[in-house]
There are 2 protein chains.
Amino acid sequence: MSDKVLDLLHKAELRITKSRREVLETLVQSGDQAISSNDIEHLVRGIDRITLYRILKTFEESGLIHSVADGTGKTKYALCSHECNGGEHHDDHLHFYCRICETTTCLEKVQLPPVRLPSDYLVEEKRFVIAGVCKDCH
Amino acid sequence: MSDKVLDLLHKAELRITKSRREVLETLVQSGDQAISSNDIEHLVRGIDRITLYRILKTFEESGLIHSVADGTGKTKYALCSHECNGGEHHDDHLHFYCRICETTTCLEKVQLPPVRLPSDYLVEEKRFVIAGVCKDCH
DNA sequence: CACAAAGATGCAACATTGTTGCAAAAATAA
DNA sequence: TTATTTTTGCAACAATGTTGCATCTTTGTG
Ligand SMILES: [Mn+2]
Ligand SMILES: [Mn+2]
Ligand SMILES: [Zn+2]
Ligand SMILES: [Zn+2]
């Protein structure tokens, strides 16, 4: 159990519980690979499914993690990199979904292309998913 | 019931049935507004939910419609504009999700920004959703 | 440390989305 | 019209996600 996990929970002003530590540790281990609620359920043995949903919701609202709708119908979660906090996320990075290994990866290094919408649209969030075959699968 | 609907079904080499005509008509009426299976269920009175799922799957596989994962957890569907056909879709356009009126719109006129991924990724599909407030809601 | 207050968990019950198998009905071909 | 092929409608099921409520845990205070 890394210090990073306790640090993150403290900074988010969340109570430290066994479940929260284990779920967050799992997400830290997963790195830039986004994982589903179901994945976490299997990785954290004994965790209650409903509690897990609530933990993920809390983490997301606290700016610890962000969710990705990658088109598979299963919401994926990954750690936020830096300046995300309650209510305000800054995770406008690309996500890549590989149809072979079925993984979803945060591509924070790839620069997000600028989008020019008509000025009467208020842009709040960019959800960009590229689907295809990842570097390990071809 | 427009001729367009019968035309589309013919070109897709699909059998003409009451349900297919009504579902496709609904999608034509909806224009660039993407709608959910649940929406269609309420607009086409009497249609069976399971049949509807199968029709939507068939339409998508035939290149008549495309689906959008807008982040709401509900898959939305909209007509394909032109050269989509069995297996090969060409709907790499932006989608806008308005958090006020909760509508999802195809923005075919907005030019898609180019994305430069590391060359070892094989890009097959771009799923770009912008979330915010639409022109009618602010 | 002990205690109280606030918050998190675990369980049941439920809602929604989506899939599969199969018999009956409808559409098309002969 | 009749035969063949597809589609439909229903039941049954699976997966994801939400809500209410009692119980347990965490944390702040004396
Ligand atoms: Mn990400
Ligand atoms: Mn579209
Ligand atoms: Zn892969
Ligand atoms: Zn709107």
**Study point:** Euclidean distance, atom CD of residue Glu60(A) to atom P of dG17(D) [Å, nearest integer]
**Key:** 11 Å

Practice item. Quickly, which of Lys76(B), Glu60(B), Arg127(B), Lys57(B) forms a side-chain hydrogen bond (donor to acceptor under 3.5 Å, both in side chains) with Ser67(B)? Name it, please. Key: Glu60(B)

Study note, to complete from the structure: Of Lys57(B) and Arg20(A), the one whose closest nucleotide on DNA chain C sits nearer the 5' end is Arg20(A)

**Study point:** Tyr53(A) OH - dG17(D) P separation (whole Å)
**Key:** 4 Å

Review point. Nearest of dT19(C), dG7(C), dT9(C) to any side-chain atom of Ile50(B)?
Key: dT19(C)

Point to revise | Exercise: do Asp32(B) and Thr105(B) side chains pair donor with acceptor under 3.5 Å | key: no

Exercise for review: Return the value, rounded to whole Å, for the distance between atom CD1 of Ile16(A) and atom P of dA8(C).
Suggested key: 11 Å

**Study point:** d(NZ, Lys74(B); P, dT16(D)) in whole Å
**Key:** 18 Å

Check your understanding: Within the modelled atom types, does a donor on one side and an acceptor on the other bring the side chain of Arg54(A) and the base of dG20(D) under 3.5 Å apart?
Key -> yes

Exercise for review: Select base, sugar-phosphate, or nothing to describe what Ser19(A) touches, counting heavy atoms under 4.0 Å on all strands.
Suggested key: sugar-phosphate

Practice item. Please report, rounded to the nearest Å, how far the P atom of dG18(C) is from the CG atom of Asn38(A). Key: 17 Å

Practice item. On the 0 to 90° scale, with breaks at 30° and 60°, tag the His66(B)-His95(B) ring pair as parallel, tilted or perpendicular. Key: tilted

Exercise for review: Report yes if at least one side-chain N or O of Thr17(B) is closer than 4.0 Å to OP1 or OP2 of dT8(D); otherwise report no.
Suggested key: yes

Review point. Between Arg49(A) (CZ) and dA15(C) (P), how many Å, whole number?
Key: 15 Å

Practice item. Please state how far atom CG in Asp48(B) lies from atom C1' in dG9(D), giving the value in whole angstrom units. Key: 5 Å

Review point. Would you say the side chains of Ser36(A) and Asn38(A) form a donor-acceptor pair under 3.5 Å?
Key: no

Exercise for review: Look at the side-chain N and O atoms of Thr51(B) and state whether any lies under 4.0 Å from the OP1 or OP2 oxygen of dG9(D).
Suggested key: yes

Review point. Is Ser30(A) reaching over with its side chain to a backbone N or O of Thr26(A), donor-acceptor style, under 3.5 angstrom?
Key: no

Check your understanding: Can you check the Leu56(A) CG to dT9(C) P distance for me, whole Å?
Key -> 11 Å

Review point. Arg15(A) side chain: which of dG7(C), dT8(D), dA27(C) is closest?
Key: dG7(C)

